[in-house]
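In what follows, chains are A, B, ... by sequence order, proteins preceding strands, each numbered from 1. FYI, side chains are in, hydrogens and waters are out, and symmetry mates aren't considered; it's all heavy atoms of this structure.
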There are 2 protein chains.
Amino acid sequence: MTAPPDPAQGPAEGATATRRAIPEASVARLAVYLRMLRELAEQGAETVSSEELAVATGVNPAKLRKDLSYIGSYGTRGVGYEIAPLRHQLEEALGQNHAQSVALVGVGNLGHALAGYGGFAGTGFPVTALFDIDPDLVGIRINGIVVEHVREIPRVCAERKVTIGIIATPGPAAQGVCDQLVSAGVRSILNFAPVVLQVPDEVEVRKVDLAVELQILAFHVARRHLEANASTEANTGAGVNGHTVNGTGGLLQ
Amino acid sequence: MTAPPDPAQGPAEGATATRRAIPEASVARLAVYLRMLRELAEQGAETVSSEELAVATGVNPAKLRKDLSYIGSYGTRGVGYEIAPLRHQLEEALGQNHAQSVALVGVGNLGHALAGYGGFAGTGFPVTALFDIDPDLVGIRINGIVVEHVREIPRVCAERKVTIGIIATPGPAAQGVCDQLVSAGVRSILNFAPVVLQVPDEVEVRKVDLAVELQILAFHVARRHLEANASTEANTGAGVNGHTVNGTGGLLQ
DNA sequence: TTCTGTGAATTTTTTCACAGCT
DNA sequence: AGCTGTGAAAAAATTCACAGAA
């Protein structure tokens with residue numbers, strides 16, 4: 001996944017913010033830390049230790065510290081992290097200072113739910129444009145936003161300075177929609193459709209695939225089964241057994 | 001830097017199915033290959049090469065072959081893979097032979113959409129139980145399934161032999177629901193709530209976190225911005241530039 | 001003394017490159 | 001000829017373990 005073909009690890013720079021190429025895997029976790037910091041801030045906490053934050057986010061403390069070190073962190077040895085400044089650091093590093101405008105294409109079952117999902121607006125990702133192709137949907141209003149026809153993607157996205165697109169269409173429609181988003185200048189796409197999108201190199205696609213997630217879980221169910229049987233040992237009383245992986249994981253951990 | 005000192009790549013065993021611990025990262029991709037194989041089968045194809053399948057799933061061909069090698073694949077050198085047998089191998093390896101029964105907790109916005117999402121049933125993951133705590137929802141029928149009260153989780157999950165649980169509740173309710181699922185014997189959970197679930201080691205949790213996904217994309221938007229500015233070069237005409245990562249990725253790739 | 005920050009070791013994943021069937 | 005299967009090399013990510021600031 002990713003990684004510039006060019007192995008040159010570009011050295012320094014004196015600039016303000018970011019320090020060095022942050023590993024992909026770390027970026028995903030930084031986003032999780034940020035959420036937790038916000039929660040802690042809301043609860044009135046002022047500092048956290050790497051240990052506490054790690055437990056709360058289901059991560060190993062050393063990993064957490066290393067992750068934070070990539071953004072040049074602001075901890076205090078012997079004490080921990082002050083929540084407010086750390087939160088700021090993270091917001092800056094993750095591009096949360098300038099709010100991003102999100103377009104959502106496909107307002108069916110899932111898309112409708114996503115459009116109404118508070119989690120987005122709440123964390124600084126206002127959905128500012130909705131699109132569909134169904135005449136019954138075009139024109140209706142969801143959360144105060146009018147659903148436009150897909151053909152309007154270029155115009156509307158430009159007008160509203162959309163930087164992130166979400167595709168929640170049926171599979172067959174996804175590539176076409178994606179092409180339109182790309183030609184409208186959108187360079188980051190979250191894809192819920194069960195297809196692999198073809199995009200130019202400079203476009204970042206992330207895929208959320210519900211069926212695949214279930215498939216992965218099913219694998220672990222089956223494995224647990226095998227392991228339980230494999231342990232020919234006593235297994236005295238109760239139900240299923242076999243020690244198995246704990247994926248506190250989630251998205252690309 | 002660094003090579004594995006201990007090259008022990010655990011070899012064979014005579015048994016029927018699985019060969020050896022399949023790397024986590026591979027499992028996720030195997031699920032993707034399986035879907036694509038089904039699609040190809042539907043289109044009437046009979047064979048694929050690793051190259052073709054790799055392109056279709058957005059993966060490097062060598063990686064794909066290595067992934068398949070973990071399940072002891074059935075390709076033909078000089079030719080490729082016969083779709084039908086390979087598909088069977090994959091289904092067996094991923095635990096798709098015995099259909100898994102899925103319970104969905106939280107039939108609000110998102111949960112409702114998921115309950116109706118055809119993608120699940122279609123790929124062998126029938127949602128057989130729905131739960132909520134809201135009196136307005138308990139008792140209604142979605143897709144022919146009656147929504148039960150959350151307190152019925154133990155009974156219903158046992159009756160319907162649920163092996164996979166999906167949590168689509170608001171954050172604060174998630175841990176409680178999770179505990180109930182676990183005590184009902186569910187060992188694989190897909191969590192859409194924005195919290196880190198605390199579970200015993202033998203329970204596998206996967207997390208789908210929409211806000212985090214957007215956050216990750218926002219990071220790339222910001223980075224692209226920086227890179228574009230960093231390249232002091234001309235950048236003759238049009239819009240944004242800077243070569244960026246292409247994450248065909250998605251969930252834990 | 002406590003807890004961060006980080007080199008270095010370890011482990012996992014990816015990629016290369018080629019021997020070996022068909 | 002062509003494409004798979006896989007050791008071995010390379011890269012990335014994780015974890016260890018400890019020096020050093022408060």
Side-chain angles (χ1 to χ4, degrees), chain A residues 1-9 19-30 33 47-55 57-83 85-86 89 245-249 251-253, chain B residues 1-12 19-30 33 47-55 57-83 85-86 89 245 247-249 251-253:
Chain A
M1 82 204 79
T2 48
D6 172 65
Q9 191 104 356
R19 201 168 260 280
R20 178 75 48 219
I22 304 177
E24 265 300 298
S26 292
V27 173
R29 286 188 302 263
L30 288 173
Y33 308 150
T47 61
V48 254
S49 66
S50 65
E51 173 80 26
E52 290 165 333
L53 191 52
V55 168
T57 53
V59 157
N60 165 316
K63 200 196 301 197
L64 180 141
R65 290 201 299 276
K66 179 136 286 193
D67 286 340
L68 291 182
S69 81
Y70 293 124
I71 63 168
S73 107
Y74 263 58
T76 313
R77 300 188 186 210
V79 181
Y81 301 89
E82 278 190 85
I83 289 175
L86 180 56
Q89 287 270 317
V245 178
N246 166 10
T248 315
L251 284 316
L252 99 74
Q253 181 171 65
Chain B
M1 30 187 140
T2 46
D6 172 67
Q9 189 105 359
R19 204 166 260 277
R20 182 67 52 203
I22 304 177
E24 265 302 296
S26 293
V27 174
R29 288 188 301 265
L30 288 172
Y33 307 150
T47 61
V48 253
S49 67
S50 66
E51 173 80 25
E52 291 165 332
L53 191 52
V55 168
T57 52
V59 158
N60 165 316
K63 200 194 303 197
L64 180 142
R65 290 202 299 278
K66 178 135 285 193
D67 285 341
L68 291 183
S69 80
Y70 294 123
I71 63 168
S73 109
Y74 264 58
T76 313
R77 301 188 185 212
V79 181
Y81 302 89
E82 279 189 85
I83 289 175
L86 181 55
Q89 287 270 317
V245 177
T248 315
L251 283 315
L252 95 76
Q253 183 171 62

Nearest to the A:Ala25 side chain among D:dA13, C:dT14, C:dT6, which nucleotide is it? D:dA13
Give the rounded distance in Å between these two atoms: CG of B:Leu68 and P of C:dT13. 16 Å
To the side chain of A:Arg29, which of D:dT14, C:dT4, D:dT6 is closest? D:dT14
Mind checking what makes side chain to side chain contact (heavy atoms under 4.5 Å, CB included) contact with A:Pro85, not counting sequence neighbours? A:Glu82
Reference residue B:Leu53; test side-chain contact (heavy atoms from CB on, under 4.5 Å); the match among B:Ile83, B:Leu64, B:Val59: B:Leu64
I need the CD-C1' distance between B:Glu24 and C:dT11, as an integer number of Å. 14 Å
Return the minimal non-hydrogen interatomic distance between B:Tyr74 and B:Tyr81, and the atom names on each side. C-CD2, 4.2 Å
Does a side-chain heavy-atom distance below 4.5 Å link A:Arg65 with A:Ser69? no
Whole-Å distance, B:Glu82 CD to D:dC3 C1', equals 15 Å
Heavy-atom pair with the smallest gap, counting every atom of A:Gln89 and A:Gly72: OE1-O, 3.3 Å
B:Gln89 CD to D:dT4 P: how many Å, rounded? 15 Å
Would you kindly give the CD-to-C1' distance between A:Glu52 and C:dT2, to the nearest whole Å? 13 Å
From CG of A:Leu64 over to P of C:dG5, roughly how many Å is that when rounded to an integer? 10 Å
Sugar-phosphate or base contact per nucleotide [nucleotides 15-22 of chain D; S, B, -; heavy atom under 4.0 Å]: BBB-BBBS
From OH of B:Tyr70 across to P of D:dG5 the rounded distance in Å is 13 Å
Residues that B:Ser26 engages under side chain to side chain contact (heavy atoms under 4.5 Å, CB included), provided they are two or more places apart: B:Ile22, B:Pro23, B:Arg29, B:Asp67, B:Tyr70
Rounded to whole Å, how long is the line connecting atom CG of A:Asp67 with atom P of D:dA12? 16 Å
